[in-house]
A.B. asks: 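One structure follows; several queries about it will come next.
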2 protein chains.
Amino acid sequence: MPSRTPASRTGRPRNAAADAAILAATRQALVELGWSKLTLGDVAVRAGVAKTTLYRRWAGKNELVVDAVAELFDELKLPDRGSLAADIEGVVLQFAAILARPEARSGLMAVVAEATRDEALRERIRASIVERQKRLVLAGRARAQERGELPAERDAGEAARAVDLIFDMVAGAVVHRTLVSAEPADEEWVHGFTRVLLSGLAAPG
Amino acid sequence: MPSRTPASRTGRPRNAAADAAILAATRQALVELGWSKLTLGDVAVRAGVAKTTLYRRWAGKNELVVDAVAELFDELKLPDRGSLAADIEGVVLQFAAILARPEARSGLMAVVAEATRDEALRERIRASIVERQKRLVLAGRARAQERGELPAERDAGEAARAVDLIFDMVAGAVVHRTLVSAEPADEEWVHGFTRVLLSGLAAPG
DNA sequence: CGCTTTCGCTACGGGTCGTAGCGTAATACC
DNA sequence: GGTATTACGCTACGACCCGTAGCGAAAGCG
């Protein structure tokens, strides 16, 4: 989602293919150079467009990388493995696999860091990555409650808080394991994590 | 810990006060400018030293900020509130309070992002921040096992894995809540988090 | 007093930033 | 088809920061 084209019905239309090329080039540059050495001039050359074209569509490096990374997380699917524990393990393993890719590792944390001083960027991240994937928690929770594996919440507010908590715990733990502890979130680890999380959630509130 | 002084017994000694001044100036610059706009020249001016002095002690921006941020976490203490749940809540609230400070927010995530492509930096972070604070988990766990609130592990390997898992879950969740979800890790949230975590840990393995 | 190391200062080439300006290309409207 | 409008590629530019080199002076040790 590059910057807005405010209902421009006239004039030369934008080259839609350029967007995809730029985002792909950005991810490639993240792999080869990492966040700090990634320059917009370099991305423009890789994508085969002029640097000025890049600046016409994105405000800067931050916004560009957010969009480039956000696409990576759209491939997440909630598997149906028959039990809540197995479903969670499946999603967490997918999430870990994405975070193991260098273009996600170096890009995601950097934009989160930048977002600490940029309210608009923080909102962009929330909208295009976080909220977008919260669907997985919602779907998994609903399915588990149908199965009777999780108690139903008393009211909507409590349910929302529970979803937020779960999301922070899952995403936070996997990110910390992968990027800070620098250990792989492999099947063994995910299994142990899921056991603790699920026991805690199933316990009476 | 600036770069090594390999047993230099002769010559003019380093101004020890300059180290503290530089690290304090770095934190101040993080507050006012954030990571991306922080320059070493600016830090040198704030600290009242020459830019070259800074480069003689630290290899670059990354290493400097790691040291500046690491000091923030040394004030963490394990409180003795009588129960494991209360102790954990106390530590997590302290941790959240540190992460609420702008010099920690903007600095910590940035160096973690940089560390994804810099093995030496990753090790520096692990040694000066992560491993350093793992003492809190170890102490809390030992105290809880004395109280009979947590089962003892079967062997040392399992104990180490459990400590690592707890650390990733606690640090990860608080960081994600604070920096990504951008919501305060206040008493209510910490209470809910602790309840889930503790129920999960106490459950039979 | 010599030796050694640190310190402050200046200066420098190299790189990136973000923008301005221009001519050209591609579409919509009349 | 002509015209207005927008997108595009290209070049050039001042501004900024990087990291280092080189110098003279300062502060310790024997």
Side-chain angles (χ1 to χ4, degrees), chain A residues 1-23 25-26 29-30 32-65 106-107 110-111 114 117-118 120-121, chain B residues 1-23 25-26 29-30 32-65 106-107 110-111 114 117-118 120-121:
Chain A
M1 296 181 192
S3 59
R4 307 292 171 189
T5 308
S8 70
R9 293 216 149 277
T10 177
R12 174 178 176 176
R14 283 194 172 170
N15 183 356
D19 275 356
I22 291 171
L23 292 176
T26 302
L30 279 175
E32 294 179 18
L33 305 173
W35 163 268
S36 57
K37 295 190 177 178
L38 180 150
T39 70
L40 294 197
D42 183 80
V43 170
V45 171
R46 288 171 191 265
V49 302
K51 189 173 64 164
T52 45
T53 297
L54 230 157
Y55 276 102
R56 289 188 188 105
R57 304 192 183 198
W58 282 276
K61 190 167 157 177
N62 293 336
E63 291 76 9
L64 174 63
V65 171
S106 53
V111 292
E114 290 297 306
R117 311 208 99 243
D118 186 339
L121 183 63
Chain B
M1 295 183 190
S3 59
R4 308 291 171 188
T5 308
S8 71
R9 292 215 151 278
T10 177
R12 176 176 175 174
R14 281 195 174 169
N15 183 355
D19 274 355
I22 291 171
L23 292 176
T26 303
L30 279 175
E32 295 179 19
L33 305 173
W35 163 268
S36 57
K37 295 189 177 177
L38 180 150
T39 70
L40 293 198
D42 182 80
V43 170
V45 172
R46 288 172 190 264
V49 302
K51 189 173 63 163
T52 44
T53 297
L54 229 157
Y55 277 101
R56 289 187 189 106
R57 304 191 183 196
W58 282 277
K61 190 167 157 175
N62 294 336
E63 291 76 9
L64 174 62
V65 172
S106 52
V111 293
E114 290 298 305
R117 309 208 103 242
D118 185 338
L121 183 63

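Below, chain A is the first sequence line, B the second, and so on; all start at residue 1. As a basis for the values below, the full set of heavy atoms in this structure was taken, side chains included, without hydrogen atoms, waters or symmetry mates.
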A.B. asks: Hey, are the side chains of Thr39(B) and Leu33(B) touching, using non-hydrogen atoms and a 4.5 Å cut-off?
C.D. replies: no
A.B. asks: CG of Asp19(B) versus P of dT6(C): gap in Å, rounded?
C.D. replies: 12 Å
A.B. asks: Which pairs, protein N/O on one side and nucleotides 16-21 of chain C N/O on the other, fall under 3.5 Å?
C.D. replies:
{"unit_1": "dG18(C)", "atom_1": "OP2", "unit_2": "Tyr55(A)", "atom_2": "OH", "d": "2.7"}
{"unit_1": "dG18(C)", "atom_1": "N7", "unit_2": "Lys51(A)", "atom_2": "NZ", "d": "3.3"}
{"unit_1": "dG18(C)", "atom_1": "O6", "unit_2": "Lys51(A)", "atom_2": "NZ", "d": "3.2"}

A.B. asks: Side chains of Asp19(B) and Trp58(B): closer than 4.5 Å at any heavy-atom pair?
C.D. replies: yes
A.B. asks: Work out which heavy atom in Asn62(A) is nearest to a heavy atom in Glu114(A); give both atom names and the distance.
C.D. replies: OD1-CG, 3.4 Å
A.B. asks: Grab the CG-C1' distance between Leu54(B) and dC7(C) for me, whole Å please.
C.D. replies: 12 Å
A.B. asks: Calculate, to the nearest 0.5 Å, the distance between atoms CG and NZ belonging to Leu54(A) and Lys61(A) respectively.
C.D. replies: 12.5 Å
A.B. asks: Using every non-hydrogen atom in the two residues, find where Ile22(A) and Val43(A) come nearest and quote the distance to one decimal.
C.D. replies: O-CG1, 4.0 Å
A.B. asks: Can a donor-acceptor pair under 3.5 Å be found between the side-chain atoms of Arg12(B) and the base atoms of dA26(D)?
C.D. replies: yes
A.B. asks: Return whichever of Thr53(B) or Gly11(B) has its heavy-atom-nearest nucleotide of DNA chain C closer to the 5' end.
C.D. replies: Gly11(B)
A.B. asks: Nearest-Å distance, CG (Asn15(B)) to C1' (dA27(D))?
C.D. replies: 11 Å
A.B. asks: What closest approach, in Å, do Arg46(A) and Ala25(A) show between heavy atoms, and which atom pair accounts for it?
C.D. replies: CB-CB, 3.7 Å
A.B. asks: Expressed as a whole number of angstroms, how long is the span from Trp58(B):CH2 to dG19(D):P?
C.D. replies: 15 Å
